[in-house]
Student: 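Next up is a structure, given as structure tokens.
Residue numbers run from 1 in the order of the sequence given.
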Amino acid sequence: MRVLRTAAGIALLMSPIAAAKAQTVIRGTVTTQGTGAPVPATVAIQSMGLSAIASEQGRFTLTIPAGRATGQQVIITARFIGYTPRSTPITLSAADQTVNFEMKADPFRLNEIITTGTADGQSAKKLPFSVAKVSAEQLKDVPASSPVAALAGKVAGARVALGVGNPGAAPAIRLRGSTNLGVGGSAPLIIVDGVITRFSIADIDAQDIESIEVLKGAAASAFYGSDAANGVLSITTKRGKDIKDGTTRVSVRSEFGNSSLGKWVPLNAFHNYTLNPDGSILQTAAGARPLDGIISDNLYPTTGEGRYRNQLKEWLGDGQFYSNNVQVGYRRGGTNLNTSFTSDHNAGIMPFRSGQFRQSARANVDQQINPKVDFGTSLTYSLNRNDYDPNDSQGWFALLQSPPDIDLTRPNGANDPIEFNPVLPSWAANARGNPLYGLKNSGLELRRERLLGSANLRYKPTDWLRLEGQYGTDRSNVGNQEYDFKGFLNASGVPTDGSLELFRRTEVAENLQANIIASKLFFGNLQSTTRATYLLEKQTRADVTAQGNVLTVVGVPDLDAVNPANNQVGSERQTRNAQNYFISQTIDFKDKYVADVLVRRDASSLFGAATRWASFYRMSGSWRWNEDLKIPGIQEGRLRASRGTAGVRPEFADQYETYSVSQGQISKQQLGNKNLKPATQTENEYGINVTFLDRFDAELVYAERNTEDAFLRVPLSLAQSGGFVNQVQNAATVSAKTWEFSLQTRLYDGKDVNYSVGFTADRTRQRIDKLGRAPYRVNAGGQSQNVFFYAEGEALGIIYGKKWLRSMDEVAQQGLDQNLFTINSDGYVVRKAQLNTGAEAPIAFRNAAGSDQVVIGDVNPDFSFGFTQNLRFKNLSLYALIDGVKGGDIYNFTKQWMYQDGRHGTQGQGNRPEADRRPLAWYSGGLYDGLNANSHFVEDGSYARLRELSVAYQFTPNLLRKVGINGLANGFKFSIVGRNMLTWTNYSGFDPEANSGGDFNFRIDGFRYPNFRTVTAMIDVSF
């Protein structure tokens, strides 16, 4: 009996060991086909509900519990972002096994994982709402000036434009429609490596980007609640995860070339002054120029001191452009390091200005502490310097308006004692004077430092549970100085006491986030992912301004040199806080049915005191119908629908009372609003995705959105408001409907030849459904040109003004006597009695109410498009991106202003038949119409632009050996790169990519610095 008890005890003690030995362990590696680089893929046996994630070195261990390996055959699958899943059958037994995977890149990236806006990353082919992704592969051929510029033409529904071409200017972007009625209020939320950024995206080097995820709709951006109705751009910088273990990779990219203006507007080469017998212009002893009639048809002299000059071509030069970038990546064991340094310079085209200089450095580190814990850090520093304001037109328009027969170096003759004298001859004087004096002598220094940093810690106590913590900060220090030396000449040529203005701004944005993520497979076919998140945000801004216009010392740009009696100092400080909670749940059934639900609760100090909290939600689902409906030739098919809400936060001062101070008097301005709440956008989105014939991937999306409680500055009755002029209220509703289409194709994929094409297109229609005030004109910036009009029931983006009559039928419709009118050679109705006189003027249409203010244009295009091509023949490759818009109007305010001074080419009549020549006053008086908006300056804004072009040759290892550099480099590529190479358009201005205030609802060409063409040579070397 004792023997039996002893045997039983031994059996009990040995049973855990026996059970442990009964477990089956599957080990292996996941690497990239061809390169052998590790892939941190998910390896799973879906039928058993078992999975493991490979390490950063690509190694995985999958344990089969005791008793479950019974000799059955199962399918084991490896999946990872940007790769085609690999599956293989294995037979489970008690013995351990080794299974290795080599994964091939997915050309359509259908299997890449989208991490922005999802609970825990979601395969692109199962996503139930719209998220577009742009990878480093799509950005490498032509490095963009900024991450936003990199999206142009590549994402359906994303409109990107450089409204001004100044070096260092950030491009404007809008995702689908607008969410408010303010100018420039539709920019998306931007996140860089988990850091919510609040400052200029132009500081981020596009060459550091690994990918950009674009959340276009409220369903996707509901993840970010009250700050995301305009969409979200999530930028991930390079971390070197594709580097093979134990290796260091160094790449150097150097680019050098020039920038130049690609298109010139026609300038007037004729005048109406009296000529001398030799063809020169007659000038009286008093310095006056007698007129020779009312038509500008005398040609300016072509020789001599008073010869004709195209002042733009005379002074705008080719600006230097260069960019040097070094990337270093290292991987060993659980450590991954990726760093970069970039130095670039964009001189632009203005004389006497150096343009933008930018340096940036980045370091990303990932460290695995043990299989359950890892952390990562990201740090980016940039320094941006400029001597030309990226958002201004200093000297540009004045140069455009300069008299054409003056040498601006010595405008008053060769003996003029002052170089670039600001005072022009009396017969040529205009309010703009000589622009070169200020460009040459006025000092401007713009300096911006930027620091973005983030740190994250991840702990995975079990295979299905992960805890995360992340801190991010974005810090910006701006310092601007404007200096005119003591003795600086004013527009009248009088020496001044000089001036000095200093501006300093310090901004700090911080966000702290904690996540709990649970993801587990149930019943072998139901994947459940739950995420709970807490997010804390804080932003502070401090401004200090000091200025004085009496300097006591020559050549000292310092406040100590300012007369204390003329020194003015001001300051401002803002603090914004927000805290947010949300929980999301995703259900994936049989890898083909996906449902997603999210609820978010936000609080912000920007909301009124009585409405500090707001709620947002998302409901979405998708069905991979090709899993149920097998159709020959179709590899993937998905239907999806979603509904979600997202918000727009008010501006800092919108909820408070504000006052103005003038000459010691304080007056009331804005009445506070403690009930101010975020505007809320609700969007329904429907989409279909189809991959067919192994070569085509198509997506069609329809979205309808409605933004309620949009902010509106409402005029108040002074008696009822206690003397306040206006109040910001949630008083408007804006709606938009958008269609989006994209197609990616691999037309040919051979050993020596590859040819792929991408196409995107979208169309958006916008409307003001509610306007809580009387209709009003909108100032779109610039010279107070109230060209645009807001009215309930009208489209958002319509242009209002006078519509000139163009036919006799229109004259009859207006009830006018046709016998009194005729049509002149420019096609406009004029009075017969005024024809060919200085009083000749167009006739305005009047509506039934007798008003001459009617709709004369609509800025919204019929559609926008992008077209990319990639062709490779052996080692030679060609890449091109053409994008643009069809339809949509532009108001050419630059042309209208040029009419005032007689500078535009259409005003010169010398090349027209005499019978068709129009008086100069017809243009400078009648059509100019005192700068009032009218139909003559509304033009079709359609264009197609060859935005990016690259022709490259990749040198083979054999060729490198022949030229003797194989020991120094293992890769070498030479490219010719072009940006904004060609533009096809009927628009008569410099650039149809015009907008005001970075807003696509205000396509107005307000003499902005135009975009220029850049052509460079680029080399890429890897070690």
Student: Which residue is it: Tyr891, Phe788, Phe789? I am looking for the one with a ring pair (Phe, Tyr, Trp, His ring centres under 6.0 Å) to Phe1002.
Tutor: Phe788
Student: Under 3.5 Å, is there a donor on one side chain and an acceptor on the other for Tyr1009 and Asp392?
Tutor: no
Student: So, is the end of the Lys886 side chain (NZ or CZ) under 6.0 Å from the ring centre of Phe863 and within 45° of the ring's axis?
Tutor: no
Student: If you look at every heavy atom in Pro171 and Ala149, which pair is closest and at what distance?
Tutor: CG-N, 3.6 Å
Student: Pick out which of Val265, Thr906, Leu927 makes a side-chain contact (heavy atoms from CB on, under 4.5 Å) with Lys895.
Tutor: Thr906
Student: Could you grab the distance from atom CG of Asn980 to atom NZ of Lys263, nearest 0.5 Å is fine?
Tutor: 13.5 Å
Student: Looking at side-chain heavy atoms only, is the closest gap between Phe990 and Leu312 below 4.5 Å?
Tutor: yes
Student: Once rounded to the nearest 0.5 Å, what's the spacing between atom CG of Leu949 and atom CD1 of Ile882?
Tutor: 9.5 Å
Student: In sequence, state the C-alpha distance, the side-chain angles, and the governing distance for Leu261 and Lys313, and then conclude on side-chain contact (heavy atoms from CB on, under 4.5 Å).
Tutor: CA-CA 9 Å; Leu261 197 60; Lys313 293 183 178 180; over 6 Å; no
Student: I'd like to know if the side chain of Gln401 pairs up with that of Asp901 as donor and acceptor (distance under 3.5 Å, no hydrogens or angles considered).
Tutor: yes
Student: When you look at CZ of Arg831, are more than 12 heavy atoms from neighbouring residues, nucleotides or ligands closer to it than 6.0 Å?
Tutor: no
Student: Would you call Leu316 and Met350 a side-chain contact if the rule is heavy atoms closer than 4.5 Å?
Tutor: yes
Student: Can Ile843 and Val830 be said to form a side-chain contact (heavy atoms from CB on, under 4.5 Å), step by step?
Tutor: CA-CA 6 Å; Ile843 307 300; Val830 298; 5.6 Å; no
Student: Let me confirm one number: the OG-CD1 distance from Ser260 to Ile349, rounded to the nearest 0.5 Å.
Tutor: 8.0 Å
Student: Assess whether side chain to side chain donor-acceptor pair (under 3.5 Å) is satisfied between Ser988 and Glu939, documenting all intermediate values.
Tutor: CA-CA 8 Å; Ser988 67; Glu939 300 187 37; 2.7 Å; yes
Student: Decide, yes or no, whether a salt bridge links Glu794 with Arg767 under the criterion of side-chain N to carboxylate O below 4.0 Å.
Tutor: no
Student: Strictly by modelled atom types, are Asn272 and Asp297 linked by a side-chain donor-acceptor pair under 3.5 Å?
Tutor: no
Student: Above 12 or not: heavy atoms from other molecules or residues under 6.0 Å from CD of Glu419?
Tutor: yes
Student: Walk me through whether Arg307 and Asp405 qualify under salt bridge (charged side-chain N to carboxylate O under 4.0 Å, His left out).
Tutor: CA-CA 5 Å; Arg307 66 175 174 83; Asp405 57 337; over 6 Å; no
Student: With a 4.5 Å limit on heavy-atom distance, are the side chains of Ser942 and Pro992 in contact?
Tutor: no
Student: Pro861 versus Arg159: any side-chain heavy-atom pair under 4.5 Å?
Tutor: yes
Student: Evaluate the ring planes of Trp897 and Phe397, with Trp represented by its six-membered ring, and classify them as parallel (under 30°), tilted (30 to 60°) or perpendicular (over 60°).
Tutor: perpendicular
Student: Going through the distances and angles, do Arg846 and Glu810 end up as a salt bridge (charged side-chain N to carboxylate O under 4.0 Å, His left out)?
Tutor: CA-CA 10 Å; Arg846 292 185 179 275; Glu810 291 179 330; over 6 Å; no
Student: Is any side-chain heavy atom of Leu444 closer than 4.5 Å to a side-chain heavy atom of Arg353?
Tutor: yes
Student: Without hydrogens or angle criteria, can the side chains of Asn860 and Asp858 be said to hold a donor-acceptor pair below 3.5 Å?
Tutor: yes
Student: Is the shortest side-chain heavy-atom distance between Asn824 and Leu835 below 4.5 Å?
Tutor: yes
Student: Show your working on side-chain contact (heavy atoms from CB on, under 4.5 Å) between Asn836 and Arg917 and close with a plain yes or no.
Tutor: CA-CA 8 Å; Asn836 297 320; Arg917 295 178 183 179; over 6 Å; no
Student: After noting the C-alpha distance and the side-chain angles of Leu400 and Thr894, does the key distance pass the side-chain contact (heavy atoms from CB on, under 4.5 Å) rule?
Tutor: CA-CA 10 Å; Leu400 178 65; Thr894 301; 3.6 Å; yes
Student: Is the number of heavy atoms from other residues, nucleotides or ligands within 6.0 Å of NZ (Lys440) greater than 12?
Tutor: no
Student: Drop me the distance from Leu299's CG to Thr302's OG1, to the nearest 0.5 angstrom.
Tutor: 7.0 Å
Student: Verify the distance criterion only: is there a donor paired with an acceptor across the side chains of Ser280 and Asp278 at less than 3.5 Å?
Tutor: yes
Student: Hydrogens and angles aside, do Gln766 and Asn1001 bring a side-chain donor and acceptor to less than 3.5 Å of each other?
Tutor: yes
Student: Give every residue pair that meets the ring-ring contact (aromatic ring centres under 6.0 Å, His included) criterion with at least one member in residues 917-941, sequence neighbours excluded.
Tutor: Tyr828-Trp922, Tyr828-His936, Tyr899-Tyr923, Tyr899-His936, Tyr899-Phe937
Student: If you measure from CD1 on Ile281 to OH on Tyr300, what distance do you get to the nearest 0.5 Å?
Tutor: 5.5 Å
Student: Is there a side-chain contact between Ile406 and Pro425 (heavy atoms, below 4.5 Å)?
Tutor: yes
Student: Taking the six-membered ring where the residue is Trp, are the ring centres of Tyr790 and Tyr800 under 6.0 Å apart?
Tutor: no
Student: If we ignore angles and hydrogens, is there a donor and acceptor under 3.5 Å between the side chains of Asn1011 and Asp991?
Tutor: yes
Student: When you look at CG of Asn986, are more than 12 heavy atoms from neighbouring residues, nucleotides or ligands closer to it than 6.0 Å?
Tutor: no
Student: Between Ser393 and Arg1008, is any side-chain donor less than 3.5 angstrom from a side-chain acceptor?
Tutor: no
Student: Determine, for Glu948 against Arg1013, whether the closest basic-nitrogen to carboxylate-oxygen distance falls under 4.0 angstrom.
Tutor: no
Student: What residue among Gln907, Gln909, Glu840 forms side chain to side chain donor-acceptor pair (under 3.5 Å) with Arg918?
Tutor: Glu840
Student: Is any side-chain heavy atom of Leu282 closer than 4.5 Å to one of Arg289?
Tutor: no
Student: Distance check, rounded to the nearest 0.5 Å: Asn434 atom CG versus Asp407 atom CG?
Tutor: 9.5 Å
